[in-house]
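Both ligands and their constituent atoms are indexed starting at 1 by order of listing.
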Amino acid sequence: VSVTVPIDGTPVAVPAAWLRLQCLCDECQIPAIRDRMFVLHSEPADLHAVSISDAEGEVTIEWSSGHMSVFPATELSRLAAISQRGTWRASHWGPEHPIRRVEAADFWADPDARTSALEAARGDGVAIISGVASESGEVERFLNRLGIALRETPFDRVHDVKAVPAGYTISDTSNALAPHNDLASYSWPPSGQALHMLRNCTEGGESILIDAWRVVEELRVDEPRMFAALTEVKAPHRTWSEAAENFSYEPMVRLDVDGRVAGVRFSNHTLQPLPLSEPRLDDFYAAYRELGRRFDDPANQLRLRMLDGDLLLISGHRIVHGRTAYAVTEAHRHVQDAYFDFDDLLGVLDRLTGVAR
Ligand SMILES: [Fe+2]
Ligand SMILES: [Zn+2]
């Protein structure tokens, strides 16, 4: 059952339930908070409008339940805008893609620069803020200044990536790091990562970034059977230290309800043996081999040298990252990274652009 109301001057048919839920009266919502108290099932299922009047910039509706709702025109246009929120689409990119780079000073001083960086982080899954002070803890202060809380793990709050003798991951060595994303060992790995280069080495230690969503979408076209195995066969991952333990058992590729790739977990150094009872082991390992080959193929890799003070904002379920090896004599190379919930970054962007209203 629909109700036709004017939105921004145009008559639009909306479902009765869509509009009834938005009633602004004191019975239906708590005015200051705008949290809803009204529940749809408190009125009959055949809910419809008995009368609609449009006068002096306000639409008044009498519902079949006897309830009256008044919607100012501005409220109807606000509702239409809200209903479009979240419909943005990622743009997939290849190795020649210019990563958006914004100076930290501009980022903080200029809301447009901030918007530009955060829009790139959303659309591309990665942006670089440069000129962030090379001071320990700056990555956390940066996120907190944006209003973003850290996602801590029992392994670390802020992870020091340095060649140290007693680390808990391969990143704590000077070895090459094959493209991966972090903490695949969580059922829901951190969806956001901030990676701050305090001091880079002079040779080696080049950074690798890949839009894994693009690579996996290509694999879907080229090798449908492999793609199916990655979306349907669960693969175990583990992170552990002397003090903590962490294990997940999930497919490597997650699709959203529209069938688009919405999450990739890939972490060769932490993959565990699959259960031998899994009937599609051969398909899985063929797919795993091929996906790993594609991530390691320089033709798919964006390579860049991170400068001292560069801070990467990364969509953790999308971008796989790695680095080339560097000499142990350059053990001063120092990265600090921290995790957060990418939804919080999107919230900061929506407040900046006025989408949150
Ligand atoms: Fe990593
Ligand atoms: Zn009401």
Side-chain angles (χ1 to χ4, degrees), residues 3 16-31 33-43 47 49-50 52 58-72 75-76 79 125-126 139 151 153 155-156 158-164 167-186 189-197 205-210 212 237-239 246 264-271 295 301 306 310-326 333-340:
V3 187
W18 188 98
L19 195 58
R20 176 66 188 90
L21 279 167
Q22 304 304 333
C23 182
L24 296 161
C25 82
D26 290 1
E27 264 173 61
C28 291
Q29 56 171 245
I30 302 170
I33 318 169
R34 303 200 69 161
D35 264 9
R36 179 177 303 113
M37 291 180 291
F38 169 72
V39 290
L40 209 47
H41 56 266
S42 65
E43 294 183 353
L47 181 74
V50 176
I52 304 173
E58 281 187 346
V59 175
T60 304
I61 298 174
E62 183 185 355
W63 300 100
S64 52
S65 58
H67 195 78
M68 301 285 287
S69 298
V70 179
F71 295 100
E75 177 66 7
L76 291 171
L79 293 176
V126 57
V139 65
R151 171 165 162 189
T153 74
F155 304 100
D156 258 323
V158 170
H159 181 203
D160 279 292
V161 184
K162 269 190 108 143
V164 291
Y168 66 90
T169 102
I170 187 175
S171 66
D172 305 328
T173 68
S174 64
N175 292 43
L177 258 181
H180 66 280
N181 43 12
D182 284 14
L183 296 170
S185 54
Y186 279 90
S191 53
Q193 181 174 12
L195 206 148
H196 179 210
M197 176 63 74
E206 214 182 356
S207 298
I208 298 166
L209 294 170
I210 301 172
H237 290 86
R238 179 188 185 209
T239 306
N246 187 240
V264 173
R265 75 177 70 224
F266 190 85
S267 176
N268 187 58
H269 52 286
T270 64
L271 178 69
F295 284 155
Q301 299 180 340
M306 282 182 76
D310 279 358
L311 186 149
L312 288 176
L313 289 172
I314 290 177
S315 168
H317 294 189
R318 173 174 178 189
I319 304 299
V320 292
H321 61 273
R323 61 143 197 261
T324 59
Y326 60 95
R333 186 185 197 268
H334 189 195
V335 172
Q336 282 188 327
D337 64 356
Y339 305 105
F340 60 93

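- Side chains of T169 and D182 form no contact here, defined as non-hydrogen atoms less than 4.5 Å apart.
- Closer than 2.8 Å to the Fe ion (ligand 1) sit the protein N, O or S atoms H180 NE2, D182 OD1, H321 NE2.
- Side-chain atoms of S65 and L47, non-hydrogen and from C-beta on, do get closer than 4.5 Å to each other.
- H237 places none of its side-chain heavy atoms less than 4.5 Å from the side chain of N246.
- Checked by atom type and distance alone, the side chain of N181 pairs as donor or acceptor with a backbone atom of V264 at under 3.5 Å.
- Looking at heavy atoms from C-beta onward, V70 lies out of side-chain contact with M68 at the 4.5 angstrom threshold.
- Under a 3.5 Å cut-off, the side chain of H180 and the backbone N or O of A178 do form a donor-acceptor pair.
- The shortest side-chain heavy-atom distance between Y186 and T153 falls under the 4.5 Å cut-off.
- The tally of protein N/O/S atoms under 2.8 Å from the Zn ion (ligand 2) stands at 4.
- Without hydrogens or angle criteria, Q301 side chain to I210 main chain gives no donor-acceptor distance under 3.5 Å.
- A donor-acceptor contact shorter than 3.5 Å links the side chain of H317 to the backbone of P189.
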